[in-house]
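Below: one structure, written as structure tokens.
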Amino acid sequence: MTDNNPAVPVNFIQNIITEDLKNNKNGGRVHTRFPPEPNGYLHIGHAKSICLNFGLALANAGLCNLRFDDTNPSKEEVEYVESIKADVRWLGFDWEDRLFYASDYFDKFYEYAVELIKAGKAYVCDLSPQEIREYRGTLTEPGKDSPYRTRTVEENLDLFERMRAGEFPDGSRVLRAKIDMASPNLNLRDPVLYRILRTTHHRTGDQWCIYPMYDFAHPISDALEGITHSICTLEFEDHRPLYDWVLDNINIDYAKDVKSRPQQIEFARLNLSYTVMSKRKLRELVEQQYVNGWDDPRMPTISGLRRRGYTPEAIRDFCERIGVAKRNSVVDIALLEHCVREDLNQRAPRVMAVLRPLRVIIDNYPEGQVEWLETDNNPENPSMGTRKIPFSRVIYIEQEDFMENPPKKFFRLAPGREIRLKSAYIIKCERVVKDEQTGKILELHCTYDPESKSGGVNSGRKVKGTSHWVSAAHALKAEVRLYDQLFQVENPDNEADGADFKAHLNPNSLERLTGCLVEPSLADAQPGNRYQFLRQGYFCVDPDSTKETLVFNRIVSLRDTWAKIQKTEKSG
RNA sequence: UGCGGGAUGGUGUAGCGGUAGCACCCAUGACUCUGGAUCAUGUUGCCUAGGUUCGAAUCCUAGUCCCGCAGCCA
């Protein structure tokens, strides 16, 4: 069924599901889950997982749960829970009534642990963390049995109960699975199932002083929820035998039958060029104030991308295009940028904004006259209509649209040369006024060709360049924040050169322009509104924006052929 | 000298014995009242060595390289 449907991207996990469906595995059910730990904000890498899990469910008439993996209260907070919910929703996915927490199952985990103890498959171990490490052996040498491994069931039961009752200090004892200290897979060398931890949990408060480990809690949570395909990242590959061991040794309907139990499947996490993706590193950037919070528009977090102006559609499209596989890779950030451009090209209204203004006086245009000229809101989408923009004798154009001594391929304004002002007139540069001291260009005096008015009968005359502009008397002041990559190198994670990832931070990742001027139609622009500033890029109104000063974030620039020409000529 | 994974253009991803495809990037041209968009064209690839086969990215053998694993984190 999916074979003929191009809307369903095929990847090796979909292939597994297709096969399972064919064999009526799990009774034809497909049930996935997105299981974040609420210990930080979600990033674009999580978006890949969210799109995968929810997308697979959607594509196969299945369900996807949102489940918080909150088994370690020392790192987790409600703030993160709330942000994660908001981010998943914003991305466009709906868990309906299936919002779960691993902490919902604390009682059950405890019962299953008791069950394991009774079956002689788990024991309380008094070794210190240090000793446990030593007994574990190394990658090449087997471990050795803990002296507590042979405790009786009764003793283990008693001790575990007292662990729960709070009789022992933090870290003094753990519950361990009794598997095989000589296993070549370290995860099977009697892994810890429960530890003593006196930390207030964000949901269960001080009800518990013992908490289950991921390896114990996760397979049980999956089984309890009837998850069929438990998708996680590559580093858990080695944990799969333990995942299966837990399911093999507990008594849950969904875990009993090997044919209908959750199956763990691993895929490669997303890496993006010029950024970092680990929560630890992102937190470091936030806490040490290299950026202004988790939602700093330079961050690869969902909240950062949202504030920057990325659309959920663009992010979903991106996640679909990058594919799903088992090989580690680094996706070019240019693909993400392409996805927003493509989305916004269709839907963002065009508007004129001058970032670095250069004053232009049109000497032969009547003083005091104002013409309201009609212009397209989006030439890609005529249904978005037109609007009127004011034109008058004094206008501003972009500083970089004028050069006193232009190189060959420069099509814009220069002394004696003409350009078309978008949706207005052709003007000619007659005179350059400079500061006598500094030589800085202060303003231009131009003349316009009254016959050349856009849309007019004689407007057909061609000139090479077209510039955007704003009327001086009508323009609104704005601040514009231009962003560049947060890091200067493609792979800041690579610490092979001995440098900390922060050494690669781009000192110019944020440039604030405060003297910008935008057309008056933007007066009512609301935070979150996105526009294409003609010839420059896509911009989004920032929440910092006020009635007095509009604040825009540059989402992404337009592709810039001229910039490329300049670059190659400089380097060539 | 352990175990588990993975190697397809610059990047990402298909291909499951029958002409190596798609997307991004890059380049060239057309068009353009956005040097945008659009359209057309193009460069670049199966880790290595053997083998099986009429035919191998795909199957077999032997290597090489890369990633992960020794938390009471997830």
Side-chain angles (χ1 to χ4, degrees), chain A residues 9-11 15 35-37 39 69 71-72 74-75 125 127-129 132-134 136-143 170-176 183-189 191-197 210-211 213-215 217-218 232-241 266 268 273 279-280 321-339 341-342 345-346 350 352 375-376 379-380 409-412 419-424 426 452 454-455 459-468 490 532-537 557-565:
Chain A
V10 289
N11 55 59
N15 290 342
E37 182 189 12
N39 68 341
D69 217 333
T71 56
N72 184 359
S74 63
K75 294 185 173 179
C125 181
L127 254 24
S128 70
I132 286 187
R133 202 177 314 129
E134 286 162 10
R136 185 155 34 222
T138 68
L139 293 177
T140 51
E141 303 160 85
D170 285 13
S172 59
R173 285 176 225 256
V174 292
L175 181 73
R176 292 229 251 167
S183 171
N185 181 342
L186 301 230
N187 295 118
L188 263 21
R189 321 244 261 229
V192 172
L193 264 24
Y194 264 94
R195 75 286 215 182
I196 304 173
L197 197 60
I210 58 171
Y211 291 93
M213 300 289 289
Y214 166 88
D215 285 314
H218 208 87
C232 63
T233 43
L234 253 28
E235 69 271 26
F236 292 101
E237 236 160 353
D238 288 338
H239 294 240
R240 193 168 62 224
E266 311 86 11
S273 58
K279 272 196 216 170
R280 193 209 97 216
R321 291 189 195 219
I322 56 177
V324 180
K326 296 198 71 159
R327 114 185 60 155
N328 293 312
S329 59
V330 181
V331 174
D332 193 338
I333 187 102
L335 181 60
L336 217 210
E337 294 179 341
H338 172 263
C339 290
R341 284 196 189 103
E342 191 173 75
N345 180 42
Q346 294 303 317
R350 314 284 121 129
M352 291 205 271
T375 187
D376 286 331
E380 295 295 320
K409 289 176 184 164
F410 187 81
F411 302 154
R412 332 228 263 217
I419 48 157
R420 148 93 44 201
L421 294 176
K422 171 71 181 174
S423 298
I426 293 171
S452 65
S454 293
S459 67
R461 189 155 76 85
K462 302 285 183 199
V463 288
K464 258 188 184 157
T466 301
S467 283
H468 56 95
E490 270 195 53
Q532 184 195 98
F533 287 0
L534 223 62
R535 303 206 303 137
Q536 308 199 85
S557 67
L558 251 30
R559 286 184 67 227
D560 191 345
T561 311
W562 169 238
K564 268 179 209 162
I565 293 170

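In the text below, chain A, chain B and the rest are named by the order of the sequence lines, each starting its count at 1.
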### Task
May I ask you to say what A/Y194 touches in the nucleic acid, namely base, sugar-phosphate or nothing, with a heavy-atom cut-off under 4.0 Å?
nothing
Applying the 3.5 Å cut-off to both distances, the Watson-Crick or G-U partner of B/rG55 turns out to be none
Testing B/rU34, B/rC73, B/rC16 for proximity to the side chain of A/N15, the answer is B/rC16
What's A/I333 touching, base or sugar-phosphate or nothing? Going by heavy atoms closer than 4.0 Å. nothing
| said: Would the distance check show the side chain of A/S273 and the main-chain N or O of A/E490 forming a donor-acceptor pair, the cut-off being under 3.5 Å? | reply: no
Closer than 4.0 angstrom, basic N to acidic O: yes or no for A/K75 and A/E37?
no
In whole angstroms, the gap separating C1' of B/rG29 from CD1 of A/I565 amounts to 14 Å
Task: Sugar-phosphate only, base, or nothing, as touched by A/P379 at under 4.0 Å among non-hydrogen atoms - done: base
Note: A/K464 and A/F411 closest approach over all heavy atoms is CD-CD2, 3.6 Å
*Should A/K564 be listed as having a side-chain N or O under 4.0 Å from OP1 or OP2 of B/rC26?*
yes
*asked:* Counting distance alone, no hydrogens or angles: does the base of B/rG35 have a donor or acceptor under 3.5 Å from a partner atom on the side chain of A/R412?
replied: yes
Using the side chain to side chain donor-acceptor pair (under 3.5 Å) rule, take A/S454 and A/R420 through it: C-alpha gap first, then chi angles, then the decisive distance, then the call. CA-CA 9 Å; A/S454 293; A/R420 148 93 44 201; 3.2 Å; yes
Looking at A/E237 and A/K326, is any side-chain nitrogen of the basic one under 4.0 Å from a carboxylate oxygen of the acidic one? yes
query: Within the side chain of A/S183, is there an N or O that forms a donor-acceptor pair under 3.5 Å with the backbone of A/N185?
result: yes
Re B/rU13: Watson-Crick or G-U wobble partner, both distances kept under 3.5 Å, found to be B/rG21
Would you indicate what A/L234 reaches in the nucleic acid, counting non-hydrogen atoms under 4.0 angstrom: base, sugar-phosphate, or nothing?
nothing
A/E266 atom CD is separated from B/rG4 atom C1', nearest whole Å, by 9 Å
Walking RNA chain B from its 5' end, the first of A/L197 and A/E380 to be reached, judged by nearest nucleotide, is A/E380
| query | Are OP1 or OP2 of B/rU34 and a side-chain N or O of A/S467 less than 4.0 angstrom apart? | reply | no
Between A/E37 and A/K326, the residue closer to the 5' end of RNA chain B by nearest nucleotide is A/K326
Reckon A/V463 touches a base, only the sugar-phosphate, or nothing at all at heavy-atom distances under 4.0 Å?
nothing
Shortest non-hydrogen pair, A/R350 vs A/P379, comes out as CG-CD, 3.7 Å
Notebook entry, point to check: Any donor and acceptor pair, going by atom type alone, linking the side chain of A/R341 with main-chain N or O of A/S557 inside 3.5 Å?
Noted result: yes
When rounded to whole Å, the CD to C1' distance for the pair A/E237 and B/rG6 reads 9 Å
Open item on the list: So, OP1 or OP2 of B/rU32: does either fall under 4.0 Å of a side-chain N or O from A/T466?
Closed with: no
Considering only the P atoms, how many Å lie between B/rA37 and B/rU28, rounded to the nearest integer? 15 Å
| query | Checking all strands, does A/G537 fall into the base, sugar-phosphate, or nothing category for heavy-atom contacts under 4.0 angstrom? | reply | nothing
Exercise for review: Using the C1' atom as the reference point in each nucleotide, state the distance between B/rC22 and B/rG9 in Å, no decimals.
Suggested key: 13 Å
Discussion item. Taking B/rG5 as the reference, what is the distance to B/rA23 when you measure between their P atoms (whole Å, please)?
Written reply: 34 Å
(Q) Can you tell me if A/H468 touches the phosphate of B/rU34, counting only side-chain N or O atoms and a distance under 4.0 Å to OP1 or OP2? (A) no
Worksheet item: B/rG42 and B/rG36: how far apart are their C1' atoms, nearest whole angstrom?
Response: 23 Å
* Pick base, sugar-phosphate or nothing for A/K462, based on heavy-atom distances below 4.0 Å to the nucleic acid. => sugar-phosphate
Under 3.5 Å, side chain of A/N15 to main-chain N/O of A/V10, donor-acceptor pair present?
no
_For a quick check, tell me whether the side chain of A/R350 and the base of B/rU34 share a donor-acceptor pair closer than 3.5 Å._
yes
note: A/R240, atom CZ; B/rG5, atom P; distance rounded to Å ~ 7 Å
Reckon A/R321 has a side-chain N or O less than 4.0 Å from the OP1 or OP2 of B/rG12? no
Rounded to whole Å, CZ of A/F411 lies from P of B/rG35 at a distance of 9 Å
Side-chain donor/acceptor contact of A/Q536 with base of B/rU34 under 3.5 Å
no
Using OP1 and OP2 only, check whether a side-chain N or O of A/R195 sits under 4.0 Å from B/rA74. yes
Would you check if A/Y214 stacks with the base of B/rA74, given a 5.5 Å centroid limit and a 30° plane limit, both strict? no
task: Would you mind classifying the nucleic acid contact of A/S74 as base, sugar-phosphate or nothing, using non-hydrogen atoms under 4.0 angstrom?
output: nothing
Side-chain N or O of A/S329 versus OP1/OP2 of B/rU13: is the shortest distance under 4.0 Å?
yes
Atom CG of A/N39 and atom C1' of B/rA74 are separated, to the nearest Å, by 7 Å
With syn meaning chi within 90° of zero and anything else anti, the base of B/rG21 is anti
Requested in this report: Considering only atom P, compute the distance from B/rC60 to B/rG21 and round it to an integer number of Å.
Outcome: 25 Å
In Watson-Crick or G-U wobble terms, with both distances under 3.5 Å, the base opposite B/rA74 is none
What distance, rounded to whole Å, do you find between the two C1' atoms, one in B/rA62 and one in B/rG55? 23 Å
Practice prompt. With heavy atoms under 4.0 Å as the rule, sort A/T561 into base, sugar-phosphate or nothing.
Written response: sugar-phosphate
Q) Does A/R327 place a side-chain N or O at less than 4.0 Å from the phosphate oxygens OP1/OP2 of B/rG12? A) no
With heavy atoms under 4.0 Å as the rule, sort A/I426 into base, sugar-phosphate or nothing.
-> nothing
Taking a pair to mean Watson-Crick or G-U wobble geometry with both distances below 3.5 Å, B/rA49 pairs with B/rU61
To the nearest angstrom, the CG-P distance between A/L186 and B/rG5 comes to 15 Å
Is it the case that B/rG35 (base atoms only) and A/D560 (side chain only) share a donor and an acceptor within less than 3.5 Å, ignoring hydrogens and angles? no
Any strand, both distances under 3.5 Å, Watson-Crick or G-U wobble: B/rC3 pairs with B/rG68
#### Entry: A/N328 and A/L234: CA distance, side-chain angles, deciding distance, side-chain contact (heavy atoms from CB on, under 4.5 Å) verdict
CA-CA 9 Å; A/N328 293 312; A/L234 253 28; 3.6 Å; yes
From CZ of A/R559 across to C1' of B/rU38 the rounded distance in Å is 11 Å
- Looking for any heavy atom pair under 4.0 Å, which part of the strands does A/L558 touch: base, sugar-phosphate only, or nothing? base
Practice task
Taking atom C1' in both B/rU43 and B/rG10, compute the distance separating them and give it to the nearest angstrom.
Solution key: 11 Å
Reckon A/D69 touches a base, only the sugar-phosphate, or nothing at all at heavy-atom distances under 4.0 Å? sugar-phosphate
Taking a pair to mean Watson-Crick or G-U wobble geometry with both distances below 3.5 Å, B/rA27 pairs with B/rU41
- prompt: Which part of the nucleic acid, if any, lies within reach of A/Q532 when heavy atoms closer than 4.0 Å are counted: base, sugar-phosphate only, or nothing?
  reply: base
key: Pairwise C1' distance, B/rC66 and B/rU8 [rounded to whole Å]   = 15 Å
Query raised in the report: Which is true for A/V192 with a 4.0 Å heavy-atom rule: it touches a base, it touches only sugar-phosphate, or it touches nothing?
Result: sugar-phosphate
